[in-house]
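The structure appears right after this line, and notes come after that.
Here, residue 1 is the first one in the sequence, and each next residue gets the next number.
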Amino acid sequence: MIIDAYSFPINNQSVFICGEQKISGQQWATECIALAREINRYSEHNWLLYQDDFYQYSQYFFALLLANKNIILAQSNQLERLKQAATHADISIGSASLENDQNEQLLPHFTVNKNGRLHSEALASDLQNLTINANITITLFTSGSTGEAKAIKKYWYQLANEIECLQRLFPHQGSCVLSTVTHKHIYGLLFKLIWPVFTNKQIICETIEYPEQVEHYCQTFKDIILVSSPSYLARTSQQFSAQAIINISEVFCSGGALSANVATDFLTYNQQVITEIYGSTETGGIAWRQQSHKPQWQLFPEHQATLAKDNTMVLKSNFLAKGEIYKTDDRVELEGRFFHLLGRVDRIIKLHEKRLSLDEMERELNSLPKINACHCFVLDISKSKAALVAVVALEKHCAIPDDATKKKNLVSECKHALLSVFEPSLQPRKWRFVQQLPFNSQGKLVKTELVNLFE
C-alpha cells in the first residue's frame, strides 16, 4: 500500500499557502487534533459541514474524521440545499448556521472555542492511535436519474481506495497543487485536499478564477499540478505565458466533456497533455484518458465493467461500497478495458462542471401559479457554444408578455423562484413564453418547434 489513508498524517509535510501566509503541515495537523478534541465533547454523530474558506474546511473535515463523526457536505449555501442536507445531520459546523425564514435555528451549530484550543503534542493522547475509521461516512449530494437531488453516502474506505489508486496510477510527485475547482464536490475534495495531504504537497488554498492568478503563482512555485475543469481550460488554453507553462508539470481535468479542440490547443500552445478523469459522485473515478494521444477512455486498474442491455456501463469497483455493483446512466462502446462514451440516457446534464437535473428545474417552475407547463433544454447556439434555455407555457388567465419590460419582469419572477434551489450560474440563459407547448399527436414534444422559438 503506497498511502496509509487510515493513519492521520500527524507529521504531515504539506504546506498550505493562504495568500501570503504559509502554514506548515505540522501546524495544520496539530490544529486538526485540537479541533477534534473539542468536537469529541459533543454526542452528536452526524455533522453538516459547509465552509467557503478552504483552509478552515480542510481542518473541519479532518477533525471530524479524527473525532469519528459522520460528515454531511451540503451542495451549496442555498437555503433549500442546506435544509435538505440538514435532514441527515444532528449538528452543523462551518460558515453556515442553519436558520429558517423566522431566524429560528434548525440545527444546533458548533462554534470553535478559540480560548480553549491548545497547540501541544500532548493533544495526541486524546485520540487513540490517530487513525481514521474506515466506516466513517461522508455524504455528498447530487442529482440522480429520477431528477431528485439525492444523498450519496460514501465510506472512508471508498475514498481511501481511490486515493491509493490515484497515487499508483499517477505517481508523479509534483510539489504544488493549484486548483480552479471548488473543494465542495467530490473531484475537488479528492484532488485538492485528500490526495495532496497524504502525499505531502504544497496546497494553494485560493480557488483560481483567472489566468492572471495562475501566472502569479507560477512565478513563485514550480512543479505545479493544475487541477481544473473543461470550461476553464477552454477559456484559457491560449492565454498562459511560456514562463507559467514551464512551471506547470501536470494538468488534470474533470467535471464534464473536454472538447478535442481544447486538448489539441493545449498541446499546440502549451506543449501540455491534459489528463482527463471520468467518473461521478456515486462511483468516484472510473477511467482516464489523454485524448491528444488516444481518444478512448481507459478503466482504472481496480475496476471491471460490463454492458447492460441498453449499452450502459455496469461497474464493479473497490471505490464502491462492499458488495455493490453500479449501473451508470452512460451508454458506452466497450473494447476490453477501453471504451468510447456514447451519451447519457437520462435528463441529467453537466453545466459549468455541475450536474443539473432538467426534470427538477421544470418541477420548480411548474410549481409557480402563473405556469402551466415548461420545458428546459440545451440549445446549440453555434458549433462551439450552447446554452440552457426554457420554454414556459403560461396559465390561460396569464397574457403572453407583449413588451420587453413585461417579459423582463416575468423572467425575474421565474429566476427568483429557482434561486432557492439552483445557483445563479445554472439558470436558463434564454426564455420564451407561450400559451402551450408544441406536442405532436403522440403526446411528445416537437423539438424542432421548440428550437424555432429561439431563432
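A ring-centre distance under 6.0 Å is found for His303 and Phe319. In this structure, the ring of His185 has its center no less than 6.0 angstrom from the ring center of Phe191. Aromatic pair Phe252/Phe170: ring centres closer than 6.0 Å.
The nearest pair of heavy atoms linking Ser228 to Tyr187 is O-OH, 2.9 Å. Pairing each heavy atom of Leu426 with each of Met361, the nearest pair is O-CE, 3.3 Å. Taking every heavy atom of both residues into account, Tyr6 and Ala134 meet most closely at CE2-CB, 3.6 Å. Shown here for Cys165 and Glu302, the closest heavy-atom pair between the two residues is SG-OE1, 3.0 Å. Here the shortest heavy-atom pairing between Pro9 and Ala29 reads O-CB, 3.8 Å. Annotation for Ile248 and Cys218: closest pair CG1-SG, 3.9 Å, computed over non-hydrogen atoms.
Ring geometry, Phe141 versus His88: the interplanar angle exceeds 60°, so the pair is classed perpendicular (tilted spans 30 to 60°). The aromatic rings of Phe62 and Phe198 are tilted relative to each other, their planes meeting at an angle between 30° and 60°.
No more than 12 heavy-atom neighbours from other residues, nucleotides or ligands sit within 6.0 angstrom of OH on Tyr155. Under a cut-off of 6.0 angstrom, the local environment of NZ in Lys316 is sparse, with at most 12 non-hydrogen atoms contributed by other residues, nucleotides or ligands. Counting heavy atoms of neighbouring residues, nucleotides and ligands inside a 6.0 Å radius, atom CZ of Arg429 does not exceed 12 of them. Enclosure of atom NZ in Lys430 is not indicated, since only 12 or fewer non-hydrogen atoms of other residues, nucleotides or ligands lie within 6.0 angstrom.
For Glu364 and Lys415, the salt-bridge test fails: no basic side-chain N is under 4.0 Å from an acidic carboxylate O. The pair Glu335-Lys294 does not count as a salt bridge, with every side-chain nitrogen at least 4.0 angstrom from each carboxylate oxygen. Ion pairing between Lys385 and Asp380 fails under the 4.0 Å rule for side-chain N and carboxylate O.
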Residues Tyr60, Tyr55; criterion ring pair (Phe, Tyr, Trp, His ring centres under 6.0 Å); working and verdict: CA-CA 9 Å; Tyr60 289 144; Tyr55 182 75; 10.0 Å; no
Working for side chain to side chain contact (heavy atoms under 4.5 Å, CB included), residues Ser249 and Ile224: CA-CA 6 Å; Ser249 59; Ile224 289 173; 5.7 Å; no
Determine whether Ser92 and His109 satisfy the following criterion, side-chain hydrogen bond (donor to acceptor under 3.5 Å, both in side chains), listing intermediate values before the conclusion. CA-CA 5 Å; Ser92 64; His109 187 71; 2.7 Å; yes
side-chain hydrogen bond (donor to acceptor under 3.5 Å, both in side chains), that's the test. Do Trp288 and Thr275 meet it? Break it down for me. CA-CA 7 Å; Trp288 66 281; Thr275 300; over 6 Å; no
Run Lys222 and Ser175 through side-chain hydrogen bond (donor to acceptor under 3.5 Å, both in side chains) and show every step you take. CA-CA 7 Å; Lys222 297 181 179 180; Ser175 63; over 6 Å; no
Given the rule in the side-chain hydrogen bond (donor to acceptor under 3.5 Å, both in side chains) test, do Gln290 and Glu276 qualify, once you have shown the distances and angles that lead to the verdict? CA-CA 6 Å; Gln290 295 175 334; Glu276 297 172 72; over 6 Å; no
Chi angles and distances behind the side chain to side chain contact (heavy atoms under 4.5 Å, CB included) call for Leu79, Ser420: CA-CA 6 Å; Leu79 180 60; Ser420 66; 5.9 Å; no
Show your reasoning for whether salt bridge (Lys or Arg N to Asp or Glu O under 4.0 Å) applies to Asp310 and Lys327. CA-CA 11 Å; Asp310 59 0; Lys327 183 180 182 294; 3.0 Å; yes
Where do Gln304 and Arg337 land on the side chain to side chain contact (heavy atoms under 4.5 Å, CB included) test, with the steps shown first? CA-CA 8 Å; Gln304 297 294 327; Arg337 297 195 61 77; 3.6 Å; yes
Verdict with supporting geometry, Cys376 and Leu365, side chain to side chain contact (heavy atoms under 4.5 Å, CB included): CA-CA 10 Å; Cys376 300; Leu365 289 172; 4.1 Å; yes
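Within the 3.5 Å criterion, the main-chain N or O of Asn318 finds a donor-acceptor partner in the side chain of Asn161. Judged by distance alone, with hydrogens and angles left aside, the side-chain atoms of Thr236 form a donor-acceptor pair with the main-chain N or O of Tyr232 at under 3.5 Å. In this structure a side-chain-to-backbone donor-acceptor pair under 3.5 Å is missing from Gln84 to Glu80. Of the possible polar contacts, one joining the Gln271 side chain to the Thr268 backbone as a donor-acceptor pair under 3.5 Å is found. Panel note: side chain Thr30, backbone Gln26; a donor-acceptor pair is recorded below 3.5 Å.
Side-chain polar atoms of Gln167 and Thr199 form no donor-acceptor pair below 3.5 angstrom. In this structure, a donor-acceptor pair under 3.5 Å is present between the side chains of Tyr278 and Asp330. Judged by distance alone, the side chains of Glu423 and Gln78 never bring a donor and an acceptor atom under 3.5 Å apart. There is a side-chain donor-acceptor pair under 3.5 Å between Thr142 and Arg355. The closest side-chain donor-acceptor pair between Glu206 and Tyr217 falls under 3.5 angstrom. Of the N and O atoms on the side chains of Ser241 and Glu215, at least one donor lies less than 3.5 Å from an acceptor on the other residue.
Rounded to the nearest 0.5 angstrom, Ser14 OG and Gln27 CD are separated by 13.5 Å. Note: Ile204 CD1 to Ser179 OG = 10.0 Å, rounded to the nearest 0.5 Å. Note that OG of Ser254 is 12.5 Å distant from CD1 of Ile274, once rounded to the nearest 0.5 Å. Asn12 contributes atom CG, which lies 5.5 Å from atom CH2 of Trp28 (distance to the nearest 0.5 angstrom). A distance of 10.5 Å separates CG of Asn68 from CD1 of Ile132, quoted to the nearest 0.5 Å. Of the inter-residue distances, the one linking Lys354 atom NZ with Leu351 atom CG reads 9.5 Å to the nearest 0.5 angstrom.
Considering Leu49, Ile152, Leu48 as possible partners of Leu73, the one that fulfils the side-chain contact (heavy atoms from CB on, under 4.5 Å) test is Leu49. Each of Ile91, Ile71, Asn70, Thr139 was compared with Asn46 under the side-chain contact (heavy atoms from CB on, under 4.5 Å) criterion, and only Asn70 meets it.
For the pair Arg81 and Phe422, the distance from NZ or CZ to the six-membered ring centre is under 6.0 Å and the angle to the ring normal is within 45 degrees. Taking the centre and axis of the six-membered ring of Tyr57, the NZ or CZ atom of Lys184 falls outside the cone set by 45° and 6.0 Å. Lys69 forms no cation-pi arrangement with Tyr42, by the criterion of a distance under 6.0 Å to the ring centre and an angle within 45° of the ring axis. Cation-pi geometry between Lys192 and Phe54 is met: under 6.0 angstrom from the ring centre, within 45 degrees of the axis.
Residues Val227 and Leu178 fail the side-chain proximity criterion, which asks for heavy atoms closer than 4.5 Å.
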